[in-house]
Amino acid sequence: MPMQQRSIEFFFRGGGGGGGGAAKTKMKANPVRAASTDGGEGPVDKENGAVEQPKFKRLKKTSSSSQEEDKGEGRRRETLSLSGDARVKDEHKGGLTLSQSPQSKKPKGKKAAPAFGVGEKSIAAAALNKSFDAKGSATWKEGEPVPYSALAETFDKLSGTSKRLEKTKILTEFFRTVVSVTPEDLLPCVYLSVCQIAPSHDGIELGIGDSTIMKALSESTGKTVNALKDEMKKKGDLGDVAMSCRSAQKTMFQPKPLVARHVFQEFKTIALTEGGQSMEKKKSIIKKLLTSSKRTEATYVVRALQGKLRVGASEQTVVAALSRAILWEKDEFDKKSDETIAKCEDEADKIVKQVFSECPSFDLIIPALLASGVFELPKHCKFTVGVPIRPMLAKPTTGVHEVLEKFTDVEFTCEYKYDGERAQIHYQDGKIKIFSRNAEDNTPKYPEVSSEILPKSLRENTRNVVLDGEIVAFDRELKQILPFQRLQKRKRKDVTDEDMKKQAQVCYFAFDCLYYNDKSLLQSTLLERREALREACQEQEGMFLFATDKTSNDVEELQVFLEESIVAKTEGLIVKTVDSTYEPSQRSLNWLKLKKDYMDGVGDSLDLVVVGAWHGKGKRKGVYGNFLLAVYNDDDEVYEVISKIGTGFEEAELAEVHKDLSQHKIDAPRSYYKFKDNKNVPDVWFDAKVVWEVKVANLTLSPHYESAFGMAEAGKGISMRFPRYERTRKDRTPTSATTSTQLLEMYENQPEAGGRGNKNANDYSD
DNA sequence: TGTGGCTGCCC
DNA sequence: ATTCTGC
DNA sequence: GCAGAATGGGCAGCCACA
């Protein structure tokens with residue numbers, strides 16, 4: 001298909017060849033083309049005649065021994081093309097393979113000399129744990145409910161340090177106290193520490209967000225919602241706003257102190273409340289909780305409702321602290337030397353983390369821990385068909401060179417990275433469950449997978465199996481992968497036969513097998529699991545396919561495979577070591593992802609005008625946290641809002657950008673700004689002055705944004721998928737930013753735009 | 001009964 | 001999702 | 001390198017309200 005080839009070449013053009021002369025049609029300065037053009041001069045700016053600076057001129061060869069790369073100068077480029085002028089940057093390879101970080105080679109050290117693999121600080125910390133008086137540290141009486149204030153104080157302490165060992169210690173001591181004084185409250189305390197109310201596959205949700213919290217806060221304090229929003233701008237945290245409102249308020253009588261298990265129970269009640277007037281009921285519970293909150297309790301009640309404690313200790317730290325608390329209070333172990341203790345703690349961490357990833361349910365783990373301790377835990381909580389396991393995830397990689405560096409001297413294999421929804425499928429006794437990446441139960445969303453696709457694909461001898469793969473929207477007639485947005489449009493519950501006729505069909509691309517005929521394969525190698533996958537299942541045209549894979553460590557071959565993956569409408573590659581096990585809690589370096597837009601100098605970037613910003617929250621308090629961007633419509637001479645952006649900034653850049661943009665603050669949006677009223681209204685508007693280069697994975701059709709409005713599809717604009725800040729284009733004027741026309745062209749040239757790019761296919765030449 | 005805001009969950 | 005940062 | 005915390009678009013489903 002000519003269009004696709006063109007697109008690919010377009011994306012991966014490496015050497016020479018000016019991009020500017022390519023277009024006969026409306027094409028002018030196309031930043032995409034410019035971005036993927038190495039060296040050659042950019043197109044001429046229409047407005048002011050200035051010659052566009054070649055992008056990535058900051059590119060500098062990195063010294064082969066240098067690991068530290070300055071963001072602005074050190075980024076390396078990946079050069080790829082279809083025609084085989086693909087060259088790997090050999091100058092980097094030799095040095096960098098040698099300068100691997102020591103950690104990646106570090107052995108686990110189970111049988112090594114004492115204390116090997118356990119840091120000195122851990123040993124010192126272990127010593128302190130011996131002298132900790134769990135019972136004596138309690139602020140409440142034996143057997144009585146844990147006061148919520150004890151949690152709040154713990155969270156305060158966690159906020160007070162950024163040291164991770166310190167955080168673990170603080171949480172461990174709190175949990176030890178709970179275990180020894182009021183063990184039945186351990187479960188609610190742990191849940192309140194991770195802001196959950198149940199395992200995610202249980203599917204119960206609070207249904208509460210910032211808006212509702214603010215309404216409740218407003219009703220309980222008498223302040224208007226707008227006043228609270230103003231407070232937010234200053235404080236950058238809704239929990240802090242709640243606290244200062246509370247403490248400013250004079251209470252007539254002392255409310256009963258909050259108790260952890262009660263707060264937890266009320267959260268559950270909120271989650272179970274639904275139907276008419278449910279919001280009113282939920283709000284009244286929140287108001288009640290806030291009224292009973294003292295000091296920082298209000299902060300954490302609110303943050304828990306928001307789902308983020310923001311104390312620098314989240315799930316992993318909680319699990320680690322839980323394991324240690326149980327270890328100290330429940331397990332018998334050798335406490336003679338501090339080194340042995342540290343090793344034991346390390347071992348306990350590993351066990352509980354492993355079990356938690358195989359059985360991610362505090363409901364199951366905590367009773368088992370309390371009953372029989374850490375070392376017995378794997379006996380009681382193990383991988384079970386019907387309960388989702390944490391999926392293996394992959395890390396971003398900036399190019400083939402990095403893959404080769406990370407996987408030096410290990411065998412690896414590649415698979416297409418499909419753009420769909422991760423799906424872990426459990427099959428046993430004729431029953432099927434489908435779990436999402438985050439362990440949500442997606443079974444009702446894909447009835448045809450359960451009723452047709454899987455039954456047809458399972459081989460006769462398969463009694464039970466757990467598969468890992470990706471559900472992708474698929475056109476069975478054209479045998480073509482459809483865009484992610486088509487998958488999103490599917491119904492999620494109460495799917496009728498009528499719905500099924502209308503919405504996109506799907507194909508399951510299987511790439512792993514975690515369990516087969518009563519045997520767990522989590523500790524088997526990838527090759528063994530692939531074998532089991534093929535033993536358990538057979539492909540079904542357009543319904544069930546094995547992920548396309550290739551095993552090679554040849555640079556050229558890898559690049560060709562990557563290019564093929566884009567032609568096949570996938571996102572790129574996942575690279576996996578061949579002998580790695582499926583243990584998400586262990587080494588996560590085993591899977592890498594390789595996408596065109598991670599590669600410097602490859603993929604789409606746009607030059608966009610900053611027209612507004614919002615005040616930052618949390619660690620972005622005091623600076624702008626995110627920004628509103630626009631393209632330039634040079635026909636109508638207006639700026640059309642295309643997207644927000646909030647990632648890619650270093651801390652210093654945020655500070656600088658805050659300073660610079662504040663100079664351009666204006667009271668109201670310009671008449672020549674096009675945005676959806678009521679939507680996308682920033683805290684602050686700016687004069688169109690500043691231009692940023694923004695990297696993007698994809699362009700999407702948007703009902704919310706105005707850029708290139710109606711040009712690709714009636715009633716829709718074009719927006720961006722995964723936008724991130726690259727750098728400020730001080731050399732660019734706003735009228736030389738990406739235009740609506742260019743945006744449309746970029747949209748149409750996407751492989752996933754499906755054929756529309758054809759009209760320009762022949763325009764492209766060197 | 002229709003619409004729009006809010007929420008959670010996909011990426 | 002992507003990205004940055006302190007440990 | 002891990003773990004945590006900032007932040008993106010966009011969809012369906014639920015609920016309030018006109």
Side-chain angles (χ1 to χ4, degrees), chain A residues 71 101-104 106 119 121 161-168 200 203 205-213 215 236 274-280 282 307-320 393 395-396 406 419-423 436-440 442 445 470-471 483-495 503 571 587-589 593 595 597-598 614 616-621 623-627 629 642-654 678-679 694-705 718-726:
Chain A
K71 175 179 176 178
S101 87
Q103 279 105 321
S104 57
K106 194 170 70 180
K121 287 185 183 175
T161 176
S162 55
K163 295 186 173 65
R164 282 204 275 157
L165 291 172
E166 180 74 17
K167 284 176 190 288
T168 310
S200 39
E205 305 304 332
L206 283 174
I208 291 294
D210 283 8
S211 294
T212 311
I213 298 173
K215 281 179 202 160
E274 56 184 17
Q277 277 83 57
S278 60
M279 290 320 269
E280 204 53 50
K282 290 183 186 195
K308 280 176 172 184
L309 244 31
R310 290 194 39 247
V311 293
S314 207
E315 190 180 275
Q316 288 309 114
T317 313
V318 169
V319 170
L393 303 175
K395 312 212 127 177
K406 294 216 161 115
D419 188 8
E421 183 169 7
R422 187 80 175 262
S436 77
R437 171 195 157 122
N438 296 313
E440 299 287 330
N442 269 346
K445 187 171 168 185
E470 192 88 2
I471 293 179
F484 178 70
Q485 265 182 309
R486 291 292 300 279
L487 192 69
Q488 274 189 302
K489 283 188 179 127
R490 284 178 58 112
K491 300 257 284 175
R492 289 177 198 165
K493 43 172 71 168
D494 307 323
V495 187
Q503 63 192 7
E571 295 184 310
R587 292 280 167 269
S588 59
L589 195 74
K593 53 181 163 180
K595 292 167 66 170
D597 58 291
Y598 296 157
W614 287 263
K617 295 172 186 172
K619 64 185 180 186
R620 302 230 176 135
K621 183 175 83 166
V623 293
Y624 299 126
N626 48 2
F627 306 84
L629 300 174
I642 178 175
S643 147
K644 296 202 283 184
I645 191 166
T647 191
F649 310 93
E650 286 167 6
E651 239 174 63
E653 285 176 320
L654 277 175
N678 226 8
K679 196 119 209 207
V694 169
K695 189 91 161 190
V696 82
N698 253 305
L699 298 174
T700 56
L701 284 177
S702 172
H704 298 305
Y705 288 100
I718 294 176
S719 189
M720 311 189 288
R721 194 179 184 195
F722 312 144
R724 58 264 197 192
Y725 171 89
E726 285 272 309

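Naming: A, B, ... by sequence-line order, numbering from 1 per chain. Since this is a predicted model, take the numbers as computed values, not measurements.
- Under the salt bridge (charged side-chain N to carboxylate O under 4.0 Å, His left out) criterion, A:Lys644 pairs with no residue at all, not counting sequence neighbours.
- Residue contacts shown for A:Lys619 include a base, since a base heavy atom lies under 4.0 Å away.
- Side chain A:Thr647 to base C:dT2: a donor-acceptor pair is found below 3.5 Å.
- Applying the 4.0 Å criterion to OP1 and OP2 of C:dG6, one finds that A:Ser162 has every side-chain N and O outside that range.
- Checked against salt bridge (charged side-chain N to carboxylate O under 4.0 Å, His left out), A:Arg490 has the following partners two or more places apart in sequence or in another chain: A:Glu448.
- Using a 4.0 Å heavy-atom cutoff across all strands shown, A:Val623 reaches no nucleic acid atom at all.
- The shortest distance between the side-chain N/O atoms of A:Lys395 and the OP1/OP2 oxygens of D:dC2 is below 4.0 Å.
- Among residues two or more places apart in sequence or in another chain, the salt bridge (charged side-chain N to carboxylate O under 4.0 Å, His left out) test is passed with A:Glu280 by A:Lys283.
- For the pair A:Phe627/A:Phe649, a side-chain contact is recorded, criterion being any heavy-atom separation below 4.5 Å from C-beta on.
- At a threshold of 4.0 angstrom between heavy atoms, the contacts of A:Lys167 with the nucleic acid are absent.
- Applying the salt bridge (charged side-chain N to carboxylate O under 4.0 Å, His left out) test to A:Arg620 and every residue at least two apart in sequence or in another chain returns nothing.
- At a threshold of 4.0 angstrom between heavy atoms, the contacts of A:Gly307 with the nucleic acid are absent.
- Residue contacts shown for A:Pro396 are absent, as no nucleic acid heavy atom lies under 4.0 Å away.
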Item checked: Nucleotide-resolved protein contact map, nucleotides 5-11 of chain B, B/S/- at heavy-atom distance under 4.0 Å -> SSSBSBB
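- Of the side-chain N and O atoms in A:Tyr725, none sit less than 4.0 angstrom from OP1 or OP2 of C:dT3.
- Contact check, A:Thr700 against D:dG9: no side-chain N or O comes under 4.0 Å of OP1 or OP2.
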Atom pairs and distances, donor-acceptor, side-chain atoms in residues 309-319 of chain A, under 3.5 Å, two or more places apart:
unit_1: A:Arg310; atom_1: NH1; unit_2: A:Asp237; atom_2: OD2; d: 2.2
unit_1: A:Glu315; atom_1: OE1; unit_2: A:Arg390; atom_2: NH2; d: 3.1
unit_1: A:Glu315; atom_1: OE2; unit_2: A:Arg390; atom_2: NH1; d: 2.7
unit_1: A:Glu315; atom_1: OE2; unit_2: A:Arg390; atom_2: NH2; d: 3.3

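- Distance from the side chain of A:Pro703 is smallest for D:dG10 among the nucleotides D:dC15, D:dG10, C:dT2.
- Side chain of A:Lys644, nearest nucleotide from D:dG9, D:dG1, C:dC4: D:dG9.
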